[in-house]
Amino acid sequence: MQTLEITPAAEELLLEDAPHQFVFSFHEGNGKNKQLLGGKGANLCEMTQIGLNVPPGFVISTEACLTYLASADKSLPAGVIDQVVENMKAVEIATGKKFGDAENPLLVSVRSGSALSMPGMMDTILNLGLNEDTLQGLLNHTKNERFVFDAYRRFIQLFGKVALGVPDAKFDEVFEAQKHKAGVKVDIGLSAADLKEISRLFLQVVKDVTGKPFPTDVYEQLEIAIKAVFNSWTGKRAVDYRREFNITPQMANGTAVNVVAMVFGNMGNDSATGVAFTRDPGTGENIFFGEYLVNAQGEDVVAGIRTPKAVIELKTEMPSLYQQLEELRSKLETHYKEVQDFEFTIEKGVLYCLQTRNGKMNATAMVRTSVEMAKDNILSKNEALLRIKPDMLEQLLHPRLDSLHKSIPLAQGLPASPGAASGVCVFDADRAELLGRAVEKVILVREETKPEDIHGFFASQGILTSRGGKTSHAAVVARGMGKPCVAGAEGIEVDVKLRQARIGEKTLHEGDYITIDGGTGYVYQGVIPTVDPTFSDELKLLLTWADEVAKLKVFANADDPDAAKKALTYGAMGIGLCRTERMFNASERLPIVVEMILANTEEERKAALDKLLPIQRQDFKDILLAMAPRPVTIRLLDPPIHEFLPGEDELKEELIHLRHLKDTAAGVSNLTNSLRLLHAENSMGALTAFPFNDKGVELIDQAIVKKEQMLKKVHELHEVNPMLGHRGVRLGLTFPEIYKMQIRAVLEATAECQKVHIDVRPEIMVPQVCTAEELVRVKAYVEEIKAEVQAQHNVTPVFKFGTMIEVVRACMEAGELAKEAAFFSFGTNDLTQATFSFSREDAENKFLPLYAEKNILHDNPFEVLDTNGVGKLMKVAVEWGRKEKPDLKIGICGEHGGQPDSIRFCHQLGLNYVSCSGPRVPVARLAAAHASLGEAKNASL
Ligand code: ADP
Ligand code: MG
Ligand code: MG
C-alpha cells in the first residue's frame, strides 16, 4: 500500500491555518447564502449548479467587502488577490481565453450585488481587460472592428466613471458630439471608425480629468474595479436607497463582487441582449414578458438607449433561440417557485443567462400570480398567501382614471407601472424634490431615468419617460415603489435646460398639470378625476384563503352607514368601532348638540336630546341593517362636550365682528340696493342673511346673546387637560340623559329590526372605563331602557354590553370589569398615551422623531403597538378577564388594529378580532392569516 509522503513544503502548508475563503467559483458557492454571496452571486452559483448556461465566473464575498471597507488603508483582505488569480485561471481554462492575452483575450465584467436587490444602485463594469495589446488580439480574433471598439469605448466609460470618478457627462458630451458629426441618431448608426475615434477621445477625457493615463495592466484594472464596486456600497445613491427602503444591515450588509466572463450581445445581428420576466410584472398575467435589443450590450435595454423590441418578436427573428428562451423561462420559475426577472445575452446564436432574481411586482401582479401559481400547483395555498406582504395590498387601493371622463390623450407611451396620477411636470429629479417638498404633486418627466434620479422618484406621484421600455430603469423602479409610470412616450421631446417638453405643437412648461395612466400608457393634459379601484376576483379568492387559516376576525371602524357599506366591500366581518360623536358633528345636527350643551336645566337638555333621538335611531338602524347579521360595536359618547363648541378665540372674534356689524347696521340710514343684505354667521355656524333694517339689528342682537352664552359655556367647560378630563363614561354619569338617549336609540333601532326578523347584532360599548362600578351604573340605564323598549315594541332587544379597555386601571381591574362586560375592546391609542404618559401630538411633533433617529425607541408606539409595555398590560387584562369569564370576547380597535406586526401580537394574545379602517381590512385579513401560518411554522420547527 502506498503511504502518503509528506514533503517539508506540504507540511508547512498543512501547519498554516487554512487561508480564509473569500472567493467562490460559481460551481462551489452556496446558492442559498445570499448574505455572503449577494443575491446576484448566489443565483449565478445556483443557476450554474442546476445546469443553466451561465458564463464562467466567481464571487468575492460580502465579507471581503466589509473587511475591506473597515480597513484603515483601504486594502483588500489578505488572500483575496491570490484567490482571485486562482479563480481567473479556472475561468481561462473554461473559456479557452487568457486574461491580458494579445492573441485571444479574456474579458470580464465586474458586477456588484448585495443580499437584497437594489436595482441600479451600485456599479458594474463591463469588458474589463482591454488595453492596446488585448484590443489588437480581439481584433485579430473576431475580425470585427466595430464590435471591438464598441466594447472598448464602453469599457473606458464605465471604468472611467465607476473606478476613476470621471463624470459621466464628460463622456456623454463626446459621444453625442460624435453622433452629431456622423449624422446618426442612435448608437447603432455609428461606424467602426466613429467608435474608434470615440475610444480615443474617451481615453483623452480620462487623462484630462484624472491627470493620469488609463491603466493598462489588466490585473491592476481588475483590482481597481473590485475596490470601486466595494466602495459603491457606501456611495450616496446606495446609502439613500437603503435609508428610504429601511434596509438594515441584518437584511443586507456589504456588496459581493461577481467577476463573470464576458459574452457579447454586440457582435452583430446574430447577437442580442435582453431582460425578461417569467410573467407580466404589471398585471401578473402568465405570459412571457421581456424586451431585447439586437447587437447591443448589457445596460442598453435598461438604460433606454434605443427602444427595445418585445421578446415575442424574437420568435420570428431567431426562432430556435426563442424556443430556448421559453425553456429557460419555465426552468427558472419551476426551480425558484417565484416569478423571475432575468437577464440574457445571445452571442452569435448561443444563449446565456446572466442574472436572475425574484421579480419585483406590484400588488395586482403579486395577487394574481399567487392565485395562479397555487392553481397550477407550483405553490401551496399557504405559500401563495405567505408570498405577499400584507402592507402591499394597500397598493390595490390606488385610484384609476374615471372612465366617464372623456379626454383626448396628449401622447402615448408604454404602460409600464399601473395606476393613475396627476401633478405638475418637472424635468429633473432635483426640481422634483424641491417642488415635491413644497407639497406640490409632481410628475417627473425625463427622456430616460438613471439611478441618480432616485430622489426624484420619491418626490413624485408618477414617472413619464420619452425613451426606454417596460424594463427600463424608470419602469422597474416605479413598479417597485408602486408608483404609476408611462415609459417610452416617444412623441415627447424633453428639454431639461428650458424646463419644458414639446409634444407636437404643444409645449408643456414646468408647473403645467398633466395626468398619466400607467395602466394604458396615456398621457393627458390637466388633472383628470380618478375613481376608487374595485377588487379583482383573484384578490377576493386569495382573501378567502386567508380567512380560512386566520384565527382573528377582522372588523372595520365605521361611523356611518356609507362607511359601513364600504367596509363590507373590503370584507369587514363586523364593525369594531362606531363612534357616535361623528354623527353629532354633521352640519344639520350640530345646532341641536349645541342646544343640548347650552341647556341650563335638565328639561332644556332633554328637549334637545329628544330631537337627537330619532336621528341617532335612524343612524343605528341603517348601520345595523347594512351589517346584519354581523356585529356592530357602538361606542357611547366619548369626547368632552366642549369639543362640539367653537374655540374661545373664534367666539371672541365673531363677537367683535357681530358688534361691529350691529353698529354699522344701526348707523346706516341710506340703503343702496347692493347693501340690502349683510351676511353674518349665526350661532349654529351656518350662514344666515341679516336684512339691513331694524329687524336685522334684532337678529344680530340675538346672535350676540347666543355667542355670549357659548363663550360663557366654553369658559365653564374649560379643562386643563381635556384628554384626562370630563369625557367618556364620566360624562355619561354626570349627564345621564345623554347616554340614556344613545342607549335608547340603539335598543329601539334593534327592536324595530328584530320585529321584522332581521338578525342585527348591536354591541354597546362604554369608553374610558376605569372601575367596574362605572359599568354597573351604565348597565342599570341599559336595563331600565331595555324594559321600556320591550314594553313598547313587544320584543326583547338582543344585544351585548361591553367596555373599552383604554386606561391602565382598566387593565389592572380586568377581572372585575369582566363580571359586568360581555366583551372588551382595547383602545390602544389612549392606552398607549396612558402607558407612556405621552400625549400623541406633542410626542410626534417634538421628540419621537429624535427618539427614532437615535434609536431610543425603535418604532413610533402610536403606529406599531408597543408589545413590551402596552402589550404586557393587554396580556394581563386578557388573562384576568378570561379567568373571570372564559368566553369573554376581546378585540382591539384603533390604528394598531390594521398594522401587521400588531396584528401578529393580537393573534398571539388570543384576541378574537381586530378592527381597523375600512381600506386596511384586506391588509389585516392577510396579516391575520400570516399570524396563524407563522405560528404553525414555528410549532413545526
Ligand atoms: P445591475 O445590477 O445594475 O443589473 P449587472 O451587474 O447585472 O448590473 O450588469 C449590468 C448589465 O451588464 C446587465 O445587463 C448584464 O446583463 C450585463 N452584463 C453583466 N455581466 C456581463 C457579462 N459577463 N457578459 C455580458 N453582459 C454582462
Ligand atoms: Mg443586472
Ligand atoms: Mg379612546
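Read the numbers this way: they start at 1 and go in the same order the structure lists the ligands and their atoms. None of the values given here were measured: they were computed from a predicted structure.
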Novice: How far apart are the C-alpha atoms of V84 and V259, what are their side-chain angles, what is the distance that settles it, and do they pass the side-chain contact (heavy atoms from CB on, under 4.5 Å) test?
Specialist: CA-CA 9 Å; V84 164; V259 177; 5.8 Å; no
Novice: Looking only at heavy atoms, is any part of M262 under 4.0 Å from ligand 1, and if so is it the side chain, the backbone, or both, or is it neither?
Specialist: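 Under 4.0 Å from ligand 1, M262 contributes backbone and side-chain atoms.
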Novice: Once the angle between the rings of F277 and F289 is folded into 0 to 90°, is it parallel (under 30°), tilted (30 to 60°) or perpendicular (over 60°)?
Specialist: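 F277 vs F289 ring planes: perpendicular.
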Novice: So is there a nitrogen or oxygen of S112 less than 3.5 Å from a nitrogen or oxygen in ligand 1?
Specialist: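 Looking only at distances, the answer is no, because the N/O contact criterion of under 3.5 Å is not met.
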Novice: To which protein heavy atom is atom 8 (O) of ligand 1 closest, and what is the distance rounded to 0.1 Å?
Specialist: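 Minimum-distance protein heavy atom for atom 8 (O) of ligand 1 reads T124 OG1, 3.3 Å.
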Novice: Using a 4.0 Å cut-off to any heavy atom of K40, which atoms of ligand 1 qualify?
Specialist: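 Within the 4.0 Å cut-off of K40, ligand 1 contributes 1 (P), 2 (O), 5 (P), 6 (O), 7 (O), 8 (O).
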Novice: Given 3.5 Å as the limit, does a donor-acceptor pair link the side chain of D101 with the main chain of N104, or not?
Specialist: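 Looks like yes, one N/O pair under 3.5 Å.
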Novice: In the protein, which heavy atom is nearest to atom 19 (C) of ligand 1, and how far is it?
Specialist: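 I find the closest protein heavy atom is R111 NE, 3.3 Å.
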Novice: Among protein heavy atoms, which sits nearest to atom 16 (O) of ligand 1, and what does the distance come to when rounded to 0.1 Å?
Specialist: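 Closest protein heavy atom to atom 16 (O) of ligand 1: E343 OE1, 2.7 Å.
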Novice: Who's the nearest protein heavy-atom neighbour of atom 26 (N) of ligand 1, and how far?
Specialist: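 The closest one turns out to be L354 CD1, 3.3 Å.
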Novice: Side chain or backbone, does R357 bring an N or O within less than 3.5 Å of an N or O on ligand 1?
Specialist: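 The answer is no, given that R357 and ligand 1 share no N or O pair closer than 3.5 Å.
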Novice: The Mg ion (ligand 2) and Q355: any N/O/S contact shorter than 2.8 Å?
Specialist: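 Yes, within the cut-off.
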Novice: In this structure, is the centre-to-centre distance between the rings of F214 and F155 below 6.0 Å?
Specialist: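 Close enough - the centres of the two rings lie under 6.0 Å apart.
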Novice: Name the residue from Q297, R154, R153 that meets the side chain to side chain donor-acceptor pair (under 3.5 Å) definition with N127.
Specialist: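 Result: among Q297, R154, R153, Q297 is the only option passing the side chain to side chain donor-acceptor pair (under 3.5 Å) with N127.
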Novice: Have a look at ligand 1 and work out which part of V263, if any, has a heavy atom under 4.0 Å from it: side chain, backbone, both or neither.
Specialist: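 Answer for V263: both.
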Novice: In plain terms, say whether R306 and D187 are close enough for a salt bridge, that is, a side-chain N and a carboxylate O under 4.0 Å apart.
Specialist: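 Yes, charged N to carboxylate O under 4.0 Å.
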Novice: In the protein, which heavy atom is nearest to atom 10 (C) of ligand 1, and how far is it?
Specialist: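 For this ligand atom, the closest protein heavy atom is E299 OE1, 3.4 Å.
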Novice: Can you list the ligand 1 atoms lying under 4.0 Å from a non-hydrogen atom of G298?
Specialist: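 Reading through ligand 1 atom by atom, the close ones are 11 (C), 12 (O), 14 (O), 17 (C).
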Novice: Name the option, out of V108, L158, L126, L128, that contains the heavy atom nearest to atom 18 (N) of ligand 1.
Specialist: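 Nearest option to atom 18 (N) of ligand 1, by heavy atoms: L126.
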Novice: Taking N or O atoms only and a 3.5 Å limit, does T345 qualify as a polar contact for ligand 1?
Specialist: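 No: no nitrogen or oxygen of T345 is under 3.5 Å from one in ligand 1.
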Novice: At less than 4.0 angstrom from any non-hydrogen atom of S109, what atoms of ligand 1 do you find?
Specialist: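 With S109 as reference, the close atoms of ligand 1 come out as 19 (C), 20 (N), 21 (C), 22 (C), 23 (N).
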Novice: Purely on distance, is any nitrogen or oxygen of P55 under 3.5 Å from one on ligand 1?
Specialist: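 Checking ligand 1 against P55, no N or O pair falls under 3.5 Å apart.
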Novice: Tell me whether the centres of the aromatic rings in Y352 and F344 are closer together than 6.0 Å.
Specialist: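 Ring centres of F344 and Y352 not closer than 6.0 Å.
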Novice: Need the ligand 1 atom indices (1-based, order shown) with element for anything under 4.0 Å from a heavy-atom of Q355.
Specialist: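 Atoms satisfying the 4.0 Å criterion: 4 (O), 7 (O).
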Novice: How long is the straight-line distance from CD of Q178 back to NZ of K196, given to the nearest 0.5 Å?
Specialist: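 The distance works out to 13.0 Å.
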Novice: I need the L314 CG to Q324 CD distance, nearest 0.5 Å.
Specialist: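 So the gap between those two atoms works out to 10.0 Å.
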Novice: Ignoring hydrogens and angles, tell me if any N or O in the side chain of S271 forms a donor-acceptor pair with the backbone of K348 under 3.5 Å.
Specialist: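 At least one qualifying donor-acceptor pair exists.
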Novice: What do you reckon, is CD of E132 surrounded by more than 12 foreign heavy atoms closer than 6.0 Å?
Specialist: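 Counting other residues, nucleotides and ligands, CD of E132 stays at 12 neighbours or fewer.
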Novice: Check all N, O or S atoms of E343 and name the one closest to the Mg ion (ligand 2).
Specialist: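 Atom name of the closest N, O or S in E343: OE2.
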Novice: Check each heavy atom of M122 against ligand 1 and say whether those closer than 4.0 Å belong to the side chain, the backbone, both or neither.
Specialist: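 The answer is neither; M122 stays 4.0 Å or more away.
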Novice: Of the non-hydrogen atoms in K470 and E291, which two are nearest, and what is the gap between them?
Specialist: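 The answer is N-OE2, 2.8 Å.
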Novice: Can you list the ligand 1 atoms lying under 4.0 Å from a non-hydrogen atom of V260?
Specialist: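 Result: 23 (N).
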